[in-house]
Structure formats: structure tokens, C-alpha cells
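Below, read A as the first sequence line, B as the second, and so on, with proteins coming before strands; counting in each chain starts at 1.
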Amino acid sequence: MDAFDLFRKLGAGAKFDFKRFGKDADRFKGVRSEQKDGSDLLSGIDFFGTGIYHGNQVKLAEEQVENGEEESEGESGKGKRKRQDEVKTVNRVRAQHRINVHGCDVPDPVCTFSELQSEYGLNPRVLQNLSSAGLTTPTPIQMQAIPLMMHGRELLACAPTGSGKTLAFCLPLLTHLKQPANLGFRALIISPTRELASQTHRELVRLSEGVGFRVHILDKASMAAKKYGPSSNKKYDILVSTPNRLVFLLKQDPPALHLSSVEWLVVDESDKLFEDGRSGFRDQLAAVFQACSGPRVRRALYSATCVPDVEQWCRINLDNLVSVNIGHRNSAVETVEQELLFVGTENGKLLAMRDIIKKGFLPPMLVFVQSIERARELFHELVYEGINVDVIHADRTQQQRDNVISSFRSGDIWVLICTALLARGIDFKGVNLVLNYDFPTSAVEYIHRIGRTGRAGHTGRAVTFFTEDDKPLLRRYTRGGACGLMGEGPNNIHLKKKKDKL
DNA sequence: AAAAAAT
């Protein structure tokens with residue numbers, strides 16, 4: 001595995017501009033010539049064309065149709081034909097939208113939001129809120145995951161960045177809860193960062209407007225107010241939180257919050273929250289799972305990336321699991337034009353960055369670096385460039401963090417330097433460029449970072465800086481982390497196992 | 001490997 005292969009594996013759908021980055025191409029040629037593989041550079045850059053995958057999907061669907069025919073052999077003519085047609089239609093829909101499902105008794109995908117009202121009793125007001133938000137057609141993940149959750153099925157869902165996962169779990173929650181009830185929280189959503197939690201909270205409030213649900217977020221103020229204690233009036237329905245805050249309240253004696261009425265537990269960015277190790281989220285998440293002790297609790301895990309570890313856990317612990325995958329698993333979103341830029345050294349990064357600024361760029365731009373310290377440093381380098389630049393990371397105060405996010409959303413900040421804090425889930429409208437100033441430490445992180453652009457079918461662009469020093473880093477993580485992500489067929493993913501816990 | 005996550 002060399003640097004070239006690595007980038008090939010990172011960048012599904014990547015376009016590499018050889019004229020513009022001729023030097024980089026030469027560089028990779030050099031690297032590549034060390035290999036025995038005789039194939040030439042350009043043919044090597046078949047970025048695992050999506051057409052091949054699509055072909056496989058259709059073929060798979062046809063096989064399913066055939067199976068369906070065999071199964072219905074005992075039936076008489078008319079009914080049999082009707083069932084065959086239905087199976088064909090459903091499989092065609094799945095193939096067309098690259099919906100892959102595994103599990104028993106999977107309900108048909110829905111093709112419109114109004115079907116959700118007629119078939120599953122979605123509140124008409126929510127439907128109205130959807131259309132006033134300009135949402136007309138369900139995305140593939142919504143088509144399949146919503147009916148599943150409406151049937152109360154536990155699931156593991158994997159769909160690309162910016163493809164509508166939030167709505168895919170919010171709609172079923174609202175439908176399932178039917179109306180406000182004073183029973184305490186009946187639905188809980190866990191997110192890895194406060195920024196993502198607050199975004200999800202806002203979405204839920206907007207979506208349920210006029211229905212009367214009490215949607216809460218665990219923030220400093222609500223925790224200080226101690227409003228969820230045993231003596232509270234239980235007049236709340238849905239909670240969104242980061243894990244540790246929740247665990248803090250649960251651990252108090254007596255617990256400052258009860259989750260025994262929770263009927264739906266949604267884990268967003270599930271692979272992140274399953275992260276193990278001394279300071280990982282995993283223990284916190286385990287405590288949350290344990291606290292959601294009601295007999296009727298259902299669980300759904302969502303992410304753009306899925307690791308075998310999480311899948312394994314789901315197979316063992318979830319009831320009659322269904323897993324839904326949209327398109328390639330663990331692949332970069334296809335609407336992002338990806339470029340790799342060799343900049344030689346650290347100083348080369350700064351020069352290239354200044355060059356981008358000097359040449360004129362179309363804001364807003366997100367710039368990812370590897371650590372808080374590096375975020376600070378880069379900010380100090382750029383603050384005098386005459387552009388509106390700011391920086392966000394976990395060491396800034398919540399007030400600063402909130403201000404930065406809102407100024408970036410409003411366009412007052414053109415360039416936002418950030419750490420992994422903003423890598424997942426955050427939905428900025430119209431980020432024109434994601435710059436990986438520091439090379440991401442894993443393919444998974446790369447996928448999430450560049451997924452801040454090219455959202456909801458829009459096009460986006462991502463540039464990744466690359467230096468001499470990054471080479472050993474690349475080799476390490478292709479061995480230990482996500483490897484063979486793509487190019488080996490949709491169901492042939494080897495992610496090396498690190499641990500086998502939980 | 002780093003970042004985030006409670007007071």
C-alpha cells in the first residue's frame with residue numbers, strides 16, 4: 001500500500017486534475033514505480049467507478065425477484081402474478097436508489113412523504129412542516145429507514161454524509177410518540193458533540209412545530225435548573241444530548257433524570273460513540289443504554305461510516321436487527337470533487353493556503369487541522385491576511401463556539417479553522433470548499449470531513465494537503481484502520497478488527 | 001492518534 005493507493009481508496013468518485021497538479025502526478029508515478037504492479041497511472045485512477053457498483057445492485061435485485069417467484073409457487077395464477085409484480089417493483093426501487101437491506105420481514109420503501117400519512121399515521125401538521133421546509137421527496141435512507149422504524153424495528157443505518165439521516169430518524173420518533181404525554185422523556189437522541197446535538201434539537205423543534213411536543217436539549221442551563229428530577233412534572237417528550245452530560249445526571253443519587261419511559265433511543269454518529277479506549281465514548285454510551293431500561297425501548301443506530309465492531313454489537317444486542325446501507329458503505333460522498341495537493345512541507349502548506357486566499361476563493365471555506373494547538377497557530381497566521389477568519393475547537397468557551405457557528409452560518413466568517421469538532425454531522429448550507437490542511441488520520445475521518453460540503457445533492461469541493469511527513473502516517477492507518485474500503489465490490493469490506501469488546 | 005465529553 002503506497003500513498004497513491006491510499007488516496008485512491010479514500011476518494012470514491014474523486015477527480016484528480018492532472019494538468020493542474022502535474023507535479024503531484026509525477027510524484028505519485030515515482031512512488032508507484034516502486035511497485036511490481038505494471039498498470040499505468042491513469043488506468044489506476046479508475047476511482048472505483050460507481051457504474052460497476054450500480055450494475056451489481058441491479059443484478060442482485062433481479063436475483064431477489066427470481067427468489068420471490070420461487071417462493072410464491074404454491075399460489076394460484078392471479079395472486080401470484082400480482083405478488084411477483086410487487087416484489088419486482090420493490091426491488092427495482094431499492095436497486096434504483098441503491099438501498100441495501102439485510103434482515104427479516106423488511107417493509108417496502110416509501111416513495112413519497114404523503115404515504116407516511118396514509119400508511120403510518122404521520123401527523124398532517126408534520127407533513128405540512130416538511131413541505132414548508134421545502135422537503136418534497138424522501139431520500140433513499142428516508143425511504144427505507146422510516147418504514148422500518150415505523151414498524152418498531154431496531155436498525156443499524158449507514159448512509160452517506162448529507163443524505164438526510166437526521167430526518168430519517170426524526171419523522172418516526174414524532175409519529176411513534178403520537179402526541180405530547182406527561183410521562184417523562186419517551187425518545188432520546190445521543191450525539192457526539194454539543195454542536196450536533198443543538199442542530200438536531202433545532203431540526204426537531206422545526207419539524208414538530210404546531211404539534212406540541214416538548215423537545216429538550218441538555219445544556220448547562222437545563223442541568224443547573226434540575227428540571228428533570230423525580231419530583232418534576234414530567235412534561236417533556238424528546239431529549240437530545242451529548243453522552244457525558246446525561247451520564248452525569250444519571251449517576252447522581254437519586255438520579256437527576258429518568259430514562260425508564262424511553263421508547264426510542266437513537267444513537268447518531270454511532271461509530272464515533274462506540275469509540276473505545278481510556279477517553280472514548282463507549283463507557284458513557286453503555287451507561288445510557290443501561291438507563292434506557294423500559295420494556296418497550298427500541299434502538300436505532302445511524303452513521304455515514306460503519307465499522308464491523310458496531311455491526312457485531314448490533315447483531316448480538318439488538319432485537320431482530322435490520323441493517324440498511326445506502327450505496328457503498330464507508331465511501332466518500334460522490335457529489336464532492338476531491339483534489340490532492342502535494343505541498344512538500346509544513347511551510348508549503350502555509351504558502352499554498354496563502355495562495356488560495358490571494359487567488360480569490362468562494363467562501364465559505366472550512367479548514368480542518370489535527371489538533372487544538374495547530375488550530376490556534378493557523379488562526380494566528382491567517383488573522384492578519386485581511387479575510388474574515390475564525391477558529392473553533394473544544395477549548396473555546398461554549399459562548400465562543402456558539403458565536404462562531406452562527407457567524408459562519410450567516411456568512412460573517414469566510415474561513416473557519418476547526419478540529420474534528422466539526423467533522424461529523426454538522427450541516428452548513430453551501431460550504432464551497434473543505435480544505436484538509438492537516439491530512440486526516442483515517443479514511444473514516446476523511447469521509448466525514450469532506451462530507452461538510454456536497455450536501456443534499458449539491459456539489460462541493462475538497463482539497464487535501466499532503467506533505468513528505470504524511471507518508472508514514474498513511475501507511476500506519478491503512479494497516480490498522482479502514483482499508484480496502486472500496487474497489488473490491490460493495491460487500492467486500494475489510495476493516496481490520498482492533499478489539500472485540502462489548 | 002487526537003478530540004470530545006460534567007461539575
Side-chain angles (χ1 to χ4, degrees), chain A residues 6 188-200 217-226 228-229 239-253 255-257 267-288 291 303 305 307 366-378 391-398 400-402 404-405 416-426 436-449 452 469-483 496 498-499:
Chain A
L6 173 86
L188 171 63
I189 299 160
I190 306 292
S191 306
T193 62
R194 300 197 277 253
E195 281 70 16
L196 183 55
S198 109
Q199 177 183 293
T200 306
I217 182 161
L218 268 195
D219 52 22
K220 269 208 176 108
S222 72
M223 290 177 74
K226 298 185 175 157
Y228 308 118
L239 180 63
V240 188
S241 176
T242 48
N244 222 14
R245 295 196 137 125
L246 204 50
V247 171
F248 177 71
L249 294 184
L250 293 169
K251 272 187 184 161
Q252 294 184 11
D253 190 24
L257 176 135
V267 181
D268 199 7
E269 305 295 345
S270 49
D271 53 336
K272 181 70 184 176
L273 291 170
F274 267 75
E275 250 174 36
D276 209 344
R278 196 163 52 87
S279 50
F281 282 113
R282 196 161 181 138
D283 295 339
Q284 299 165 33
L285 190 65
V288 174
S303 187
T305 49
V307 293
L366 265 180
V367 181
F368 281 96
V369 292
Q370 206 45 53
S371 70
I372 291 177
E373 200 41 51
R374 286 190 55 80
R376 287 197 189 108
E377 286 168 12
L378 184 58
V391 59
I392 189 169
H393 50 68
D395 270 6
R396 302 205 74 186
T397 65
Q398 194 56 52
Q400 288 172 322
R401 280 162 66 162
D402 293 347
V404 165
I405 296 280
L416 180 54
I417 299 160
C418 62
T419 60
L421 174 68
L422 288 192
R424 281 174 179 259
I426 303 298
N436 287 316
Y437 190 88
D438 289 340
F439 206 92
T441 51
S442 72
V444 164
E445 199 191 340
Y446 177 80
I447 288 165
H448 286 277
R449 282 183 182 186
R452 296 319 100 208
D469 293 342
D470 292 321
K471 277 187 184 171
L473 188 73
L474 310 188
R475 287 203 193 88
R476 192 178 335 134
Y477 80 69
T478 39
R479 267 206 315 274
C483 68
K496 261 198 182 162
K498 276 191 262 178
K499 282 158 214 157

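When the side-chain nitrogen and oxygen atoms of A:Ser371 are compared with OP1 and OP2 of B:dA3, one or more of them lie within a distance under 4.0 Å. Between B:dA5 and A:Ser279, no contact under 4.0 Å exists linking OP1 or OP2 to a side-chain N or O. The phosphate of B:dA5 has OP1 or OP2 within less than 4.0 Å of a side-chain N or O from A:Arg194.
A:Phe439 places its CZ atom 17 Å from the P atom of B:dA1, with the value rounded to the nearest Å. Between the P atom of B:dA4 and the CD1 atom of A:Ile405 lies a distance of 12 Å, rounded to the nearest Å. If you take CG of A:Leu421 and P of B:dA2, they are 17 Å apart, rounded to a whole angstrom. Rounded to whole angstrom, the span from the CZ atom of A:Phe368 across to the P atom of B:dA3 amounts to 14 Å. One interatomic measurement links the two molecules: CG of A:Asn244 to P of B:dA3, which rounds to 18 Å at whole-angstrom precision. The distance between atom CG of A:Leu218 and atom P of B:dA4, rounded to the nearest whole Å, is 20 Å. The distance from atom CD1 of A:Ile426 to atom P of B:dA4 is 12 Å, rounded to the nearest whole Å. One atom, CD1 of A:Ile372, and another, P of B:dA4, lie 4 Å apart when rounded to the nearest Å.
In the interface, the side chain of A:Thr242 is not paired with the base of B:dA4 through any donor and acceptor atom under 3.5 Å apart.
Within 4.0 Å of A:Lys220, counting heavy atoms only, lie sugar-phosphate atoms of the nucleic acid but no base atom. Nucleic acid contact for A:Arg401: sugar-phosphate only, since backbone atoms but no base atoms lie under 4.0 Å from a heavy atom of the residue. No engagement by A:Pro243 is indicated, since no non-hydrogen atom pair under 4.0 Å with the nucleic acid exists. Using a 4.0 Å heavy-atom criterion, one finds that A:Leu249 contacts no nucleic acid atom at all. Contacts of A:Glu275 with the nucleic acid, taken as non-hydrogen atoms under 4.0 Å apart, include base atoms.
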Exercise. Please walk me through it: do A:Met223 and A:Leu249 pass side-chain contact (heavy atoms from CB on, under 4.5 Å)?
Worked result: CA-CA 8 Å; A:Met223 290 177 74; A:Leu249 294 184; 3.9 Å; yes
For this session: With side chain to side chain donor-acceptor pair (under 3.5 Å) as the test, would you mind laying out the steps for A:Asp268 and A:Ser191 before giving the verdict?
Result: CA-CA 5 Å; A:Asp268 199 7; A:Ser191 306; 4.6 Å; no
Exercise. For A:Leu422 and A:Leu416, what are the C-alpha separation, side-chain angles and deciding distance, and is it a side-chain contact (heavy atoms from CB on, under 4.5 Å)?
Worked result: CA-CA 10 Å; A:Leu422 288 192; A:Leu416 180 54; 3.7 Å; yes
Exercise. side-chain contact (heavy atoms from CB on, under 4.5 Å) between A:Asp219 and A:Arg194: does it pass, once the steps are laid out?
Worked result: CA-CA 8 Å; A:Asp219 52 22; A:Arg194 300 197 277 253; over 6 Å; no
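When each of B:dA1, B:dA3, B:dA5 is scored by its nearest atom to the side-chain atoms of A:Thr441, the top-ranked nucleotide is B:dA1.
A:His448 has its side chain within reach of A:Thr305: a pair of non-hydrogen atoms, C-beta onward, lies under 4.5 Å apart.
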